[in-house]
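What follows is a single structure, written as structure tokens, with notes after it.
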Amino acid sequence: MIQFIIGEKGRGKTKVLLEKANNEIKNVSGNVVYLDKSTQHMYELNNKIRLIDMTNFPIKDSDEFLGFICGIISQDHDLEYVYLDSFLKIAKLEEGGDPVPVLKELEDISKQFGVHFVVSISLTKQQLPEQYHDAVIAEL
């Protein structure tokens, strides 16, 4: 399952994503990972949530990003949730790349491994492909 927190840059999506992650950790029996473009929010996350600063890894494109996600899943069989902040940036789609193929692949990964993805993405509802409108949990 993929869920989305959408809105233009600077609207507060990260704050909503952090709150959701911190609330979810209370209800899961498995592990939670939070991928971000920095460690800026380290102290805002519950210490049971693993924060990964994506800038520490030499990921060049969206295919390498998906490989990275699969690597995380392969190393943690108890993984339940992956929170993706600044999705377009960390997935290397910020330069006008099409997010649909990457989102479809995340959907397939989610189904295959039972991992839930919560994605913060700098798009409005009109910019988000219609097939994902029902998965929007917050629009800012």
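No experiment lies behind these values; they were computed from the predicted model shown.
Residues passing the salt bridge (Lys or Arg N to Asp or Glu O under 4.0 Å) test with Arg50, sequence neighbours excluded: none. With sequence neighbours excluded, the residues forming a side-chain contact (heavy atoms from CB on, under 4.5 Å) with Thr55 are Asp53, listed by chain and number. By the side-chain contact (heavy atoms from CB on, under 4.5 Å) test, Pro129 is found to be paired with Val100, Gln131, Tyr132, residues two or more places apart in sequence or in another chain being considered.
Within the 3.5 Å criterion, the main-chain N or O of Glu44 finds a donor-acceptor partner in the side chain of Asn22. Between the Glu64 side chain and the Lys60 main chain, a donor and an acceptor come within less than 3.5 Å of each other. Side chain of Asp76 to main chain of Ile72: no donor-acceptor pair is present (N/O by atom type, distance under 3.5 Å, no hydrogens or angles).
What you find for Ile5 and Lys13 is that their closest heavy atoms are O-CD, 3.7 Å. In plain terms, the two heavy atoms of Asp36 and Leu51 that are nearest each other are CB-CD1, 4.0 Å. Closest heavy-atom contact between Ser122 and Lys9: OG-CG, 3.5 Å.
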- request: Dump the intermediate steps for side chain to side chain donor-acceptor pair (under 3.5 Å) on Ser29 and Glu80, then the final yes or no.
  value: CA-CA 8 Å; Ser29 56; Glu80 283 190 51; 3.2 Å; yes
field: Lys20 and Gln3: CA distance, side-chain angles, deciding distance, side chain to side chain contact (heavy atoms under 4.5 Å, CB included) verdict
entry: CA-CA 11 Å; Lys20 180 150 179 57; Gln3 296 177 311; 3.5 Å; yes
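Lys125 contributes atom NZ, which lies 6.0 Å from atom NE2 of His133 (distance to the nearest 0.5 angstrom). Taken from CD1 in Ile6 to OG1 in Thr124, the straight-line distance is 7.0 Å, to the nearest 0.5 Å.
With a 6.0 Å radius and a threshold of 12 heavy atoms from other residues, nucleotides or ligands, Asp98 has its CG atom above the threshold.
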